[in-house]
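Only a predicted model underlies this, so the values are computations on that prediction, with no experimental measurement involved.
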Amino acid sequence: MAAASQGADLRGREERDMRPDAVPEGFTAALAALDAVPVVLFCLSSIVLGRRIASPLFVVGSVVAFAGGAGKVAWKALLALARRDVPFLA
């Protein structure tokens with residue numbers, strides 16, 4: 001009997017997660033700010049290394065990686081503050 005109720009619970013959770021406008025639970029402003037820390041540290045370290053290496057390819061790669069991280073942080077901040085999902089940022 002317990003297995004049947006667990007199966008129903010899992011199906012209900014999957015249905016909630018599959019909706020395009022569903023906002024995952026547990027996203028807070030503090031979590032979004034904490035997720036921004038590695039992105040900022042990466043940006044600062046790539047600036048320092050970029051000056052030492054002086055390679056255009058390194059700079060392009062750093063900018064692309066930073067843009068991806070910044071987009072993910074923006075998505076998480078939007079989830080936490082506006083409680084609204086933007087699927088192309090996910």
Side-chain angles (χ1 to χ4, degrees):
M1 186 76 162
S5 66
Q6 281 182 337
D9 183 47
L10 289 176
R11 280 192 300 271
R13 185 177 305 150
E14 288 173 358
E15 288 173 3
R16 281 193 310 266
D17 292 342
M18 292 179 72
R19 289 186 324 205
D21 62 338
V23 176
E25 295 178 15
F27 279 91
T28 62
L31 178 64
L34 188 63
D35 285 341
V37 171
V39 175
V40 170
L41 290 175
F42 172 78
C43 182
L44 294 174
S45 65
S46 63
I47 289 171
V48 170
L49 282 174
R51 287 184 175 188
R52 289 186 182 182
I53 296 174
S55 167
L57 188 59
F58 179 84
V59 172
V60 169
S62 296
V63 168
V64 169
F66 174 72
K72 194 69 166 179
V73 167
W75 173 69
K76 288 181 180 182
L78 189 64
L79 279 175
L81 299 175
R83 302 300 303 162
R84 181 173 90 88
D85 192 12
V86 178
F88 75 87
L89 287 177

- Note on the structure: Closest heavy-atom pair, F66 versus F42, reported as atoms and distance to 0.1 Å, is N-CE2, 4.0 Å
- Message: According to side-chain contact (heavy atoms from CB on, under 4.5 Å), who are the partners of I47, at least two apart in sequence or on a separate chain?
- Response: C43, R51
Considering only distance and modelled atom types, tabulate donor-acceptor pairs under 3.5 Å from the side chains of residues 53-63, sequence neighbours left out.
{"unit_1": "S55", "atom_1": "OG", "unit_2": "L57", "atom_2": "N", "d": "3.4"}
{"unit_1": "S55", "atom_1": "OG", "unit_2": "F58", "atom_2": "N", "d": "3.4"}
{"unit_1": "S62", "atom_1": "OG", "unit_2": "F58", "atom_2": "O", "d": "2.9"}

- Contacts of type side-chain contact (heavy atoms from CB on, under 4.5 Å), residue L31, not counting sequence neighbours: F27, T28, D35
